[in-house]
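As a basis for the values below, the full set of heavy atoms in this structure was taken, side chains included, without hydrogen atoms, waters or symmetry mates.
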2 protein chains.
Amino acid sequence: MARTQGSHSAQTGPRIREAALRLFAKHGYAAVSMRQIARDVGVQAGALYNYTPDKQALLFDLLKGHMDELLAAWKAEPTPATPTLRLEAFVRFHIRFHLARPQAIFISYMELRNLDPDNFAIIEGLRKRYESTLTGILRDGLTEGSFAVPDPALATYALIAMLTGVNTWYRDKGRLSVDEVSDIYWDMTCRMVAR
Amino acid sequence: MARTQGSHSAQTGPRIREAALRLFAKHGYAAVSMRQIARDVGVQAGALYNYTPDKQALLFDLLKGHMDELLAAWKAEPTPATPTLRLEAFVRFHIRFHLARPQAIFISYMELRNLDPDNFAIIEGLRKRYESTLTGILRDGLTEGSFAVPDPALATYALIAMLTGVNTWYRDKGRLSVDEVSDIYWDMTCRMVAR
DNA sequence: GTCTATAGCGTGATAGAC
DNA sequence: GTCTATCACGCTATAGAC
């Protein structure tokens with residue numbers, strides 16, 4: 001331990017990802033240099049290229065990893081019996097998951113335009129997949145007669161924007177806990193879509 | 001006309017702002033160079049500094065001008081008699097105003113972190129001022145008894161996020177007109193806050 | 001796997017000619 | 001008001017020693 005040179009491979013890889021996530025979230029992808037990331041990790045800039053082919057791959061891996069985690073976590077949630085209960089589960093899941101990863105959420109929304117076109121298409125596909133699960137819930141509730149949204153596609157956009165927006169104002173030491181926020185947002189959601 | 005050198009001062013100033021707006025919106029502030037802006041305008045990089053002290057001032061002027069315009073436009077709207085009608089006016093105004101200026105909205109949300117602290121505080125103050133007009137409407141409706149939001153502050157965040165989110169998916173040649181979108185969003189808003 | 005050194009280029013901003 | 005030229009520096013990515 002306390003080595004200042006030599007092999008750290010088991011540590012360095014994850015630490016590069018953590019530093020990149022933190023710095024990209026704080027300053028933006030374009031404003032962060034490979035030298036800054038290296039300094040943050042405690043290695044020289046050249047050493048980063050043992051772990052990533054280039055800066056673009058670093059960004060893509062962060063976003064791809066985040067989207068995979070999001071979809072896996074939602075898939076792992078139990079599926080309640082009624083559309084109303086499924087919608088409540090989605091609202092609470094979305095808020096909880098997003099508030100637990102503010103930096104990953106931030107770059108997932110802010111840095112999309114810095115992805116190469118191929119990478120962008122992949123991330124955009126995964127995001128659409130996630131959003132379509134909400135649209136599915138809304139459609140189920142519509143056909144079943146428990147919801148009355150004017151347009152499921154627009155209601156999906158509206159709800160996702162509303163829920164994700166929590167990340168822009170929520171503070172850990174604030175007036176409300178995650179559960180209290182979730183209660184209020186579920187209340188508003190419910191009123192918005194209920195018959 | 002068709003001069004390639006000499007004074008164009010009446011034209012160049014606005015054209016620099018337009019180019020900066022377009023390029024910042026497309027690639028991001030940090031990723032755009034003064035040379036790119038100059039090329040877009042058709043002058044050399046040095047000439048830009050006759051119009052702006054530096055790149056930062058260019059960004060700040062765009063955001064400040066946009067916020068001033070937003071507040072002035074809302075102030076110029078008529079004020080309906082009841083909270084419900086005022087809320088409807090706000091919803092329709094917000095969507096219409098934002099959809100008419102997608103690039104300015106985009107950089108207003110994406111480039112805040114690239115503002116110097118002093119500039120950030122000014123823009124943030126103006127934004128809070130705009131949002132507080134919505135909170136005021138919600139409070140009026142609450143005391144009057146026509147609304148039933150659980151928390152006016154959170155309802156403000158939720159509504160602003162929901163309404164601004166339209167900019168992320170709306171396309172001019174899409175399925176719905178601005179008025180149709182506004183109708184649907186007003187319907188959802190109404191259901192969300194109505195008693 | 002990390003280091004040092006460097007290639008090749010782009011950056012924001014300024015000086016001075018016209 | 002715009003141009004050309006330039007300063008001083010930072011950038012990504014690579015090469016080769018260890």
Side-chain angles (χ1 to χ4, degrees), chain A residues 1-21 23-24 26-62 107 111 113-119, chain B residues 1-24 26-63 107 111 113-119:
Chain A
M1 71 195 319
R3 284 192 297 180
T4 55
Q5 278 200 4
S7 168
H8 303 245
S9 70
Q11 313 273 357
T12 306
R15 294 189 59 211
I16 289 172
R17 290 171 57 93
E18 288 158 22
L21 175 61
L23 291 169
F24 289 167
K26 187 165 186 183
H27 305 291
Y29 173 79
V32 172
S33 70
M34 294 298 267
R35 282 175 172 82
Q36 273 180 277
I37 297 170
R39 197 181 317 132
D40 206 272
V41 173
V43 297
Q44 292 300 314
L48 299 180
Y49 293 88
N50 290 317
Y51 298 90
T52 182
D54 51 29
K55 192 182 169 190
Q56 169 70 203
L58 212 42
L59 175 62
F60 175 69
D61 287 347
L62 288 174
I107 67 168
E111 304 300 352
R113 65 171 149 194
N114 287 310
L115 288 172
D116 291 345
D118 288 358
N119 290 340
Chain B
M1 70 194 321
R3 285 191 298 180
T4 55
Q5 279 199 3
S7 166
H8 303 246
S9 70
Q11 313 273 357
T12 306
R15 294 189 58 212
I16 289 172
R17 288 172 57 93
E18 288 158 21
L21 175 61
R22 179 172 50 253
L23 290 170
F24 289 168
K26 187 165 186 183
H27 306 291
Y29 173 79
V32 172
S33 70
M34 295 298 267
R35 284 171 173 80
Q36 271 181 278
I37 297 169
R39 197 181 316 133
D40 205 273
V41 173
V43 296
Q44 292 299 315
L48 299 180
Y49 292 88
N50 291 316
Y51 298 91
T52 183
D54 51 29
K55 192 183 171 190
Q56 168 71 202
L58 212 43
L59 175 62
F60 175 69
D61 288 347
L62 288 174
L63 297 193
I107 67 168
E111 303 301 350
R113 66 172 149 193
N114 287 310
L115 289 172
D116 291 344
D118 289 357
N119 290 339

Sequence-distant partners of B/Asn114, side-chain contact (heavy atoms from CB on, under 4.5 Å), two or more places apart: B/Tyr29, B/Leu59, B/Glu111
side-chain contact (heavy atoms from CB on, under 4.5 Å) partners of B/Asp61, counting only residues at least two apart: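 B/Asp61 satisfies side-chain contact (heavy atoms from CB on, under 4.5 Å) with B/Arg17 only.
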Residue list, side-chain hydrogen bond (donor to acceptor under 3.5 Å, both in side chains) with B/Glu18, at least two apart or on another chain: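 Once residues adjacent in sequence are excluded, B/Glu18 has no partner under the side-chain hydrogen bond (donor to acceptor under 3.5 Å, both in side chains) criterion.
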Under the side-chain hydrogen bond (donor to acceptor under 3.5 Å, both in side chains) test, residues paired with B/Gln44 that sit two or more places apart: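 B/Gln44 satisfies side-chain hydrogen bond (donor to acceptor under 3.5 Å, both in side chains) with no residue once adjacent residues are dropped.
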D/dG1 OP1/OP2 closer than 4.0 Å to side-chain N/O of B/Thr12: no
Review item, side-chain donor-acceptor pairs of residues 35-42 of chain B, under 3.5 Å, at least two apart:
{"from": "B/Gln36", "atom 1": "OE1", "to": "B/Ser33", "atom 2": "N", "distance (Å)": "3.1"}
{"from": "B/Asp40", "atom 1": "OD1", "to": "B/Arg22", "atom 2": "NH2", "distance (Å)": "2.5"}

Between N or O atoms, less than 3.5 Å apart, protein on one side and nucleotides 14-18 of chain D on the other: list the pairs.
none

Listed partners of A/Arg15 passing salt bridge (charged side-chain N to carboxylate O under 4.0 Å, His left out), at least two apart: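 Counting only residues at least two positions away or on another chain, A/Arg15 forms no salt bridge (charged side-chain N to carboxylate O under 4.0 Å, His left out).
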Distance in angstrom units between B/Leu48 CG and C/dA13 C1', rounded: 11 Å
For atom CZ of B/Arg15 and atom P of D/dG1, their distance in whole Å: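 It works out to 16 Å between those atoms.
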Given C/dC3, D/dG1, C/dG1, the nucleotide with the shortest approach to the side chain of A/Gln44: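 Minimum distance to the A/Gln44 side chain belongs to C/dC3.
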Terminal helix-axis angle for the helix from C/dG1-D/dC18 to C/dC18-D/dG1, with five pairs defining each axis and rounding to 10 degrees: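 Comparing the axis at each end, I get an angle of 0°.
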Write down the protein N/O and nucleotide N/O pairs, taken from nucleotides 6-11 of chain D, whose separation is under 3.5 Å; answer none if there are no such pairs.
{"from": "D/dC11", "atom 1": "OP1", "to": "A/Ser33", "atom 2": "OG", "distance (Å)": "3.0"}

